Amino acid sequence: MSVIKVQELEKSFRIPHEKRTTLFETLTGMFKPESYEVFNALKDINFDVKEGEFFGIIGENGSGKSTLLKIIAGILYPSSGEVHIRKRVTPFLELGVGFQSDMTAVENIKTYGTIMGMSKHDIRSRTDDILEFAGLEKFRDAKLKNFSSGMQVRLAFSTAIQTDPEILLMDEVLAVGDMDFQQKCLDVLNNYRKEGVTIVFVSHDLGAVRRFCDRTLLLHKGEQIALGSTAEVIDRYVYGDQDKSISEPVSCVVENDPVILTDEQPPVACSRWGDQKIEISNVELYDKFGNLSNRFNSFDAMTIRIMYHAHKKVFDPVFGIALYSEKGENVYGTNTELKEIEIDSVEGQGHIDLKIESISLLSGRFLLTVAIHSRRHEPYDWHDKLYHFDVIPTSRDAGIFNVPCKWII
Ligand SMILES: Nc1ncnc2c1ncn2[C@@H]1O[C@H](COP(=O)(O)OP(=O)(O)OP(=O)(O)O)[C@@H](O)[C@H]1O
């Protein structure tokens, strides 16, 4: 049975061209009609959510996720289309809205619980549980203005989860709080799932969406781009319509004097150097579907293609790559010589591929160096950290790269 049904939903906002803030502007503008433009934040959205389903909504910033959730919550009205809701909706959208800084924790639980729809009796009987879950038992009579922002969010979340939700709408709630508290929230979500609560979950944390959501909706500039199994929709988001151009190498003076590279002395002044006997004409990254991409799920396959132009016949060239974290830490490096690949000679145009079966990087932006040099390490063309790509997490492990391991009890 579907508990949320959204049909042909549209939402547009009026954005005024000029804002009248002063009395003078108001008086002089009195007889001038206010001009505005219409911004379509949601266009022809259609989906339903079944009872007990964990439903994800993902998309770039500004794609309309929060607007959609607010319409389902009844906070915003749609411009056209229909939204049918079959059960009680509890929105966890802006946690803590309504908190009063001059009131104590207990007083705030009372007002916030009331806003969230709890009865007086429930609030009274659950106040201790709320404070305990938030880890704030000792602060029950302290004024909220003395709480850190993390403590305030914990108090709001702990109050909100006492509302016995039937349909829960969550907007980036997991992004707040420290790791311990986030884990508590995840445990709560798991319990809700077991209890059959329907959850609509908006998040940029694709790892969490992948773990929790049965189905997912992808929005792009207010349009419904994909709806279906979470893994497929995340693939569509990660590998789908995005800016396919791999970051262009920054323009840089090419050092024509051959530089002998040593490990101790990397030249830092220029990000490209070499005598250009063999020139790197382009570098392309391909995803597991064979499409150009600069975004990859961790553990997915990736191919790095180095396109070159050898202006004359060059014997024994070595092709290499190095990966760096965004902070510049060297994560990995390899070349054809280290892998004992003999390349007798190259001449004219060609390309060489490095196939990575599974990217062992966990999450974040990584910089890529691509280089061609001689066996004596004289650089022909060295593109130092000129390229980058992003890795989207698929596991919950921490750090930069994966270490295959297991716990044995
Ligand atoms: N009240 C409003 N008036 C005018 N424009 C609005 C209003 N609310 C939202 N918008 C616009 O609608 C678009 C969608 O916003 P929304 O907050 O729903 O996106 P989002 O996908 O949740 O983004 P984010 O991931 O950054 O939270 C944005 O361009 C936003 O500026």
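Computed from a predicted structure; not experimentally measured. In this chain, numbering begins with 1 at the start of the sequence shown. Every number for a ligand or one of its atoms is a count from 1 in the order of the listing.
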Have Asp300 and Tyr239 got a donor and an acceptor in their side chains that come within less than 3.5 Å? yes
protein heavy-atom neighbour closest to atom 27 (O) of ligand 1 works out as Ser66 OG, 3.8 Å
Do Phe39 and Phe13 have ring centres separated by under 6.0 Å? no
Look at atom 10 (N) of ligand 1 and say which protein heavy atom is nearest, naming residue and atom and giving the distance to 0.1 Å. Phe13 CE1, 3.5 Å
What I want to find out is whether Arg295 reaches Asp287 closely enough, with some N-O distance under 4.0 Å, to be called a salt bridge. no
Report yes or no: do Asn46 and Gln7 form a side-chain donor-acceptor pair below 3.5 Å? no
Hey, is atom 6 (C) of ligand 1 under 4.0 Å from any protein heavy atom? yes
Would you check if the distance from the ring center of Phe99 to the ring center of Tyr112 is below 6.0 Å? yes
On a heavy-atom basis, I'd like to know which of Thr67, Leu219, Asn61, Leu69 is closest to atom 26 (O) of ligand 1. Asn61
With atoms numbered from 1 as shown, which atoms in ligand 1 lie under 4.0 angstrom from a non-hydrogen atom of Glu60? 21 (O)
Lys/Arg-Asp/Glu bridge criterion (N-O < 4.0 Å) met for Asp102, Lys145: yes
Under-4.0 Å protein heavy-atom contact, atom 31 (O) of ligand 1: no
Report yes or no: does a heavy atom of Arg14 sit under 4.0 Å from some atom of ligand 1? no
Output yes when the distance from some N or O of ligand 1 to some N or O of Phe39 is under 3.5 Å, and no in every other case. no
So if I count the atoms of ligand 1 from 1 in the order they appear, which ones are less than 4.0 Å from some heavy atom of Ser63? 19 (O), 20 (P), 21 (O)
Please check if any side-chain donor atom of Asp390 sits under 3.5 Å from a side-chain acceptor atom of Asn294, or the reverse. no
Any N/O of Ala41 closer than 3.5 Å to an N/O of ligand 1? no
Checking heavy-atom distances from atom 14 (C) of ligand 1 to each of Gly59, Gly62, Ser12, the winner is Gly62
Any side-chain heavy atom of Val3 sitting closer than 4.5 Å to one from Ile85? no
